Amino acid sequence: MVETHIIDGKMIAKDFRSLVAQHVRKLGSTPRLAVILIGEHPASLIYVQNKQKAAREVGIDVDVYQLSPTVTEKSVLDLIAELNVKKEVNGILLQLPVPPHLDSSRLIEAIDPVKDVDGLHPENVGKMVTGRPAMIPCTPLGCIYLLRHVLGNLEGKHAVVVGRSALVGRPLAQLLLRENCTVTQAHSKTVHLAEVCRQGDILVSAVGKPGLIKRDFIKEGATVIDVGINRLEDGKIVGDVLFLDVMGQAAHVTPVPGGVGPMTIAMLLFNVVKAADQSLSQATDLIPF
């Protein structure tokens with residue numbers, strides 16, 4: 001039995017946002033983020049409102065372009081092209097998901113990679129994989145920041161990432177490799193998943209399946225990062241990890257909500273500032289890379 005420490009993502013993100021605000025004040029101009037919101041998906045509306053609030057607090061202006069759920073793909077592409085050439089717009093964010101009649105991949109690829117603050121453009125993905133300076137996806141970057149905050153140097157640790165999505169699982173595995181971790185990537189087809197997870201000094205779950213990670217999935221003293229966000233029938237928000245069940249087994253664990261989520265928004269703000277000030281395209285004192 002070990003003492004389990006809850007990783008306070010809200011407080012860590014708050015401190016990080018203060019550092020971002022300091023960089024904004026040094027810029028001499030106000031960074032501007034353009035958010036493209038298509039339709040009125042309830043969760044998307046809340047996410048955009050939270051991003052607006054956090055951005056304003058650090059001195060970033062946000063323009064929200066809310067489009068009809070029946071908007072044509074050409075209209076969205078035309079808007080992206082217009083924002084790409086606007087010098088005052090530093091970052092462009094396409095709020096996902098988009099309606100099914102739109103090709104999200106095509107829309108993301110239309111964004112100027114320099115303004116792709118979500119880090120999802122293929123050019124940014126390729127640069128990240130090859131270790132070159134790039135816009136890095138916000139949630140994986142937030143996970144790395146939390147891990148470094150709690151554990152310091154990650155070199156040599158065995159990290160198990162459950163999930164292989166292009167948004168979180170795959171880029172996070174790449175970032176952990178860059179931290180010199182030994183990385184195992186597991187997923188829904190992994191045989192003996194609990195046994196694989198128990199190998200990890202670090203265990204990250206990014207599947208979106210409530211209650212997937214139980215006590216017997218966790219090596220004693222491991223650090224557990226729960227990226228899952230799941231809404232139960234009663235409206236309660238939970239992660240992939242059975243939170244109370246892992247107490248006394250994990251040394252550190254992120255709660256849901258209040259763990260990874262606040263760090264995702266904090267890293268988005270950093271990427272906007274990074275886009276506004278190309279001197280931040282290399283390593284800074286704010287993030288590991």
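As a basis for the values below, the full set of heavy atoms in this structure was taken, side chains included, without hydrogen atoms, waters or symmetry mates. If you're wondering where the values come from, they're calculated on a predicted model, not measured in any experiment. The first residue in the sequence is number 1, and the count goes up from there.
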Does Arg32 offer a backbone N or O that forms a donor-acceptor pair with the side chain of Asn90 under 3.5 Å?
yes

Contacts of Ala251 meeting side-chain contact (heavy atoms from CB on, under 4.5 Å) (sequence neighbours excluded), chain-then-number -> none

When you measure from the side chain of Lys214 to the backbone of Leu242, do you find a donor-acceptor pair of N or O atoms at a distance under 3.5 Å?
no

Connected via hydrophobic side-chain network under 4.5 Å: Phe270 and Tyr47
no

Val24 and Pro31, any side-chain heavy atoms less than 4.5 Å apart
yes

Hphob cluster co-occupancy, Ile225 + Phe243, side-chain heavy atoms under 4.5 angstrom
no

Has His101 got a side-chain atom pairing as donor or acceptor with Val71's backbone, closer than 3.5 angstrom?
yes

Which distance, rounded to the nearest 0.5 Å, do you find between the NZ of Lys157 and the CG of Asn180?
12.5 Å

If every non-hydrogen atom of Arg17 is compared with every non-hydrogen atom of Ala266, which pair is closest and at what distance?
CG-CB, 4.1 Å

Work out which heavy atom in Gln66 is nearest to a heavy atom in Leu45; give both atom names and the distance.
NE2-CD2, 3.8 Å

Any donor-acceptor N/O pair, Gln249 side chain to Ile218 backbone, under 3.5 Å
yes

Taking Ala110's backbone N and O only, do any of them form a donor-acceptor pair with Asn84's side chain (distance below 3.5 Å, no angle check)?
yes

Start with the C-alpha gap between Met128 and Leu175, add the side-chain angles, then the distance that decides, and say whether side-chain contact (heavy atoms from CB on, under 4.5 Å) holds.
CA-CA 8 Å; Met128 178 192 67; Leu175 295 182; 4.0 Å; yes

Rounded to the nearest 0.5 Å, what separates atom OG1 in Thr254 from atom CG in Leu146?
7.5 Å

Between His121 (side chain only) and Glu109 (backbone N and O only), is there a donor and an acceptor less than 3.5 Å apart?
yes

From CD (Gln52) to CD1 (Ile60), nearest 0.5 Å:
12.5 Å

Using a 4.5 Å cut-off on heavy atoms from C-beta on, say whether the side chain of Leu77 contacts that of Arg106.
yes

Is there a side-chain contact between His5 and Val150, using heavy atoms and a 4.5 Å cut-off?
no

Side-chain heavy-atom pair Ser75, Leu67 within 4.5 angstrom cut-off:
no

Are Ile7 and Met11 connected into the same hydrophobic cluster when the rule is that any two of I, L, V, M, F, W, Y join if their side-chain heavy atoms are below 4.5 Å apart?
no

Would a hydrophobic clustering, with Ile, Leu, Val, Met, Phe, Trp and Tyr connected at side-chain separations under 4.5 Å, put Leu172 with Ile213?
no

With a sphere of 6.0 Å drawn around OH of Tyr65, does it hold more than 12 non-hydrogen atoms of other residues, nucleotides or ligands?
yes

Decide whether Val196 and Leu176 are clustered together by the hydrophobic rule: side chain heavy atoms of Ile, Leu, Val, Met, Phe, Trp, Tyr closer than 4.5 Å, transitively.
no

Report the hydrophobic cluster partners of Leu232, with the cluster defined as I, L, V, M, F, W, Y residues connected by side-chain heavy atoms closer than 4.5 angstrom, directly or transitively.
Val238

Might you work through the side-chain contact (heavy atoms from CB on, under 4.5 Å) test for Val246 and Val224, ending with a clear yes or no?
CA-CA 9 Å; Val246 307; Val224 180; 5.7 Å; no

Once rounded to the nearest 0.5 Å, what's the spacing between atom CG of Leu212 and atom CG of Leu193?
6.0 Å

Passing candidate, side-chain hydrogen bond (donor to acceptor under 3.5 Å, both in side chains) with Asn124, options Asp118, Asp116, Asn271
Asp116

Would you say that Leu268 contacts Lys51 through its side chain, given a criterion of any heavy-atom pair below 4.5 Å between the two side chains?
yes

